[in-house]
Amino acid sequence: MASMAVCYSLATLSSTKPLLSHKKTTSMANLKSHGRNLQSSLVGEKLAISKTTRPLSSRRLGTSSSEVNCSTSASPLPSALLFDCDGVLVDTEKDGHRVSYNETFKEKELGVTWDVDLYAELLKIGGGKERMTAYFNKTGWPKNAPKSEEERKAFVASLHKRKTELFAALIEKRLLPLRPGVVKLIDQALAEGVKVAVCSTSVEKAVSAIATFLLGPERAEKIKIFAGDVVAQKKPDPAIYVLAANTLGVDPSSCVVIEDSGIGLAAAKAAGMKCIVTKSGYTANQEFPTADAVFDFIGDPPEEQFDLAFCGSLLKQ
């Protein structure tokens, strides 16, 4: 019989600051202006980005967005464009992974529920199995969990396997949409011969489901996936990005990473790569001072915030 459900809340998101737009002076790039006559001013050999800020009626977070436009000579293109998965391709954490964890805990009668604020705190730990282990170590293991360390590892692995099955079912039903501009940016990269990969702490099955069912099988075949236990150390360790660069045969300094979290940003920068942060539901109120650029999302015209040419312009910094 299930024990009484326990719901811990370790932290809440309290900041109400508006989202940051790109705030750095950037090398010359040839980006689309979408018909807007925005003016840029030269400062030395760099170009100060002109910004227009306006509310977007479709934004769920209720904040304004800033759009980057500049017009100069063509910039180099990245050798590879590397995407995080959860929070970047799809805003999966709150209504995807968290829900799937809770359904698993309920099925196994663990008496555990992860609320929205608690899960925000748990996201600071890279990897689902690592997340559950850290949580149980801190709050106490369920009564029906095994006692030995090896048996607990197997127990957590079984929970994670079931959670992944439930999450994949959500993706297959297309209940969680791709974030704005993701398809556009991937298509731009593939059309220009830029290598595209997804580098995620989620297991390969979950990432592949997103690639196949949401990006489509034709795109998925052209995208390399590095996920889960393919590396021993999860983000913020740079191992997964180092592995991606080595496997793709590219210099890390020629790669641009799209991330949404602090641990992902830390991993990308430690690997020697440029990193753009597109804020997600759980990171909307966070600041990322070490990022090369910060946006609300990638965006599609007419509300595009950046494109492949802008990614390339970062390589000149």
Side-chain angles (χ1 to χ4, degrees), residues 76-90 92 123 125-130 164 178-179 181-212 214-278 280 288 290-293 298 306-308 310-315 317:
L77 293 177
S79 296
L81 199 59
L82 309 179
F83 291 83
D84 177 38
C85 182
D86 300 303
V88 173
L89 299 181
V90 185
T92 53
L123 286 174
I125 303 167
K129 292 188 289 292
E130 293 82 354
T164 300
L178 289 167
R179 295 194 68 192
V182 166
V183 168
K184 174 211 71 179
L185 188 56
I186 289 175
D187 285 350
Q188 287 176 347
L190 293 175
E192 293 291 340
V194 175
K195 296 177 180 180
V196 178
V198 179
C199 301
S200 174
T201 58
S202 290
V203 297
E204 193 275 339
K205 181 178 180 179
V207 179
S208 293
I210 288 175
T212 300
L214 299 185
L215 290 174
E218 289 188 10
R219 288 188 190 89
E221 288 177 359
K222 302 172 184 177
I223 297 172
K224 181 71 175 176
I225 292 175
F226 302 90
D229 296 329
V230 68
V231 290
Q233 299 297 320
K234 306 291 177 66
K235 301 174 187 178
D237 191 281
I240 197 163
Y241 285 122
V242 173
L243 175 65
N246 290 340
T247 303
L248 296 174
V250 297
D251 190 321
S253 65
S254 69
C255 298
V256 175
V257 175
I258 315 296
E259 274 283 357
D260 76 307
S261 68
I263 62 172
L265 170 61
K269 300 304 288 184
M273 300 176 178
K274 297 294 184 181
C275 186
I276 300 172
V277 170
T278 55
S280 61
F288 301 92
T290 62
D292 294 283
I298 299 169
F306 69 94
D307 62 6
L308 183 64
F310 177 77
C311 296
S313 75
L314 296 177
L315 302 177
Q317 291 183 1

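Computed from a predicted structure; not experimentally measured. The figures that follow rest on heavy atoms only: side chains count, while hydrogens, waters and symmetry mates do not.
- With sequence neighbours excluded, the residues satisfying side chain to side chain donor-acceptor pair (under 3.5 Å) with Ser202 are Asp86.
- The list of salt bridge (charged side-chain N to carboxylate O under 4.0 Å, His left out) pairs with a residue in residues 238-251, not counting sequence neighbours, is empty.
- A distance of 8.5 Å separates OG1 in Thr212 from CD in Glu221, rounded to the nearest 0.5 Å.
- Not counting sequence neighbours, the partners of Leu215 by the side chain to side chain contact (heavy atoms under 4.5 Å, CB included) test are Leu178, Val182, Val183, Ile186, Ala211, Arg219, Ile223.
- Separation of atoms CG (Leu185) and SG (Cys311) is listed at 5.0 Å; rounding is to 0.5 Å.
- Every residue meeting the side chain to side chain donor-acceptor pair (under 3.5 Å) condition with Glu204, not counting sequence neighbours, appears here in chain and number order: Ser208.
- Shortest non-hydrogen contact noted between Ile210 and Cys85 is CD1-SG, 3.4 Å.
- When all heavy atoms of Cys255 and Val250 are compared, the pair lying nearest together is SG-CG2, 3.5 Å.
- Applying the salt bridge (charged side-chain N to carboxylate O under 4.0 Å, His left out) rule to pairs touching residues 225-239 yields Asp84-Lys235, Lys129-Asp229, Glu130-Lys234, Asp229-Lys234, Lys235-Glu259, sequence neighbours excluded.
- For the atom pair CD1 of Ile263 and CG of Leu123, the computed distance is 7.5 Å after rounding to the nearest 0.5 Å.
- In this structure, Phe83 CZ and Ile276 CD1 are separated by 9.0 Å, a value rounded to the nearest 0.5 Å.
- Listed here is the closest heavy atom pair of Ala271 and Tyr241: CB-CB, 3.8 Å.
- Counting all heavy atoms, side chain and backbone alike, Ser261 lies closest to Phe288 at C-CE2, 3.6 Å.
- Not counting sequence neighbours, Lys205 has no partner by the salt bridge (charged side-chain N to carboxylate O under 4.0 Å, His left out) test.
- With contacts defined as side-chain heavy-atom distances shorter than 4.5 Å, the pair Leu243/Val230 qualifies.
- Identified under the salt bridge (charged side-chain N to carboxylate O under 4.0 Å, His left out) test for residues 239-249, with sequence neighbours left out: none.
- By the side chain to side chain contact (heavy atoms under 4.5 Å, CB included) test, Ala197 is found to be paired with Leu82, Lys224, Phe226, Leu248, residues two or more places apart in sequence or in another chain being considered.
- Between Ser280 and Arg179 there is a side-chain heavy-atom pair separated by less than 4.5 Å.
- Partners of Ser254 by side chain to side chain donor-acceptor pair (under 3.5 Å), not counting sequence neighbours, listed by chain and number: Ser79.
- In terms of the salt bridge (charged side-chain N to carboxylate O under 4.0 Å, His left out) criterion, Glu192 has no residue partners (sequence neighbours excluded).
- Summarising the geometry, atom CG belonging to Leu308 is positioned 6.5 Å from atom CG belonging to Leu81; distances are rounded to the nearest 0.5 Å.
- The main-chain N or O of Phe310 is found under 3.5 Å from a side-chain atom of Asp307 such that the two form a donor-acceptor pair.
- The minimum heavy-atom distance linking Asp260 with Val277 is given by the pair CA-CG1, 4.1 Å.
- The side chain to side chain contact (heavy atoms under 4.5 Å, CB included) search around Lys274 returns Val256, Asp292, Leu314, Leu315, Gln317, not counting sequence neighbours.
- Annotation: side chain to side chain contact (heavy atoms under 4.5 Å, CB included) contacts of Ala266 (sequence neighbours excluded): Pro236.
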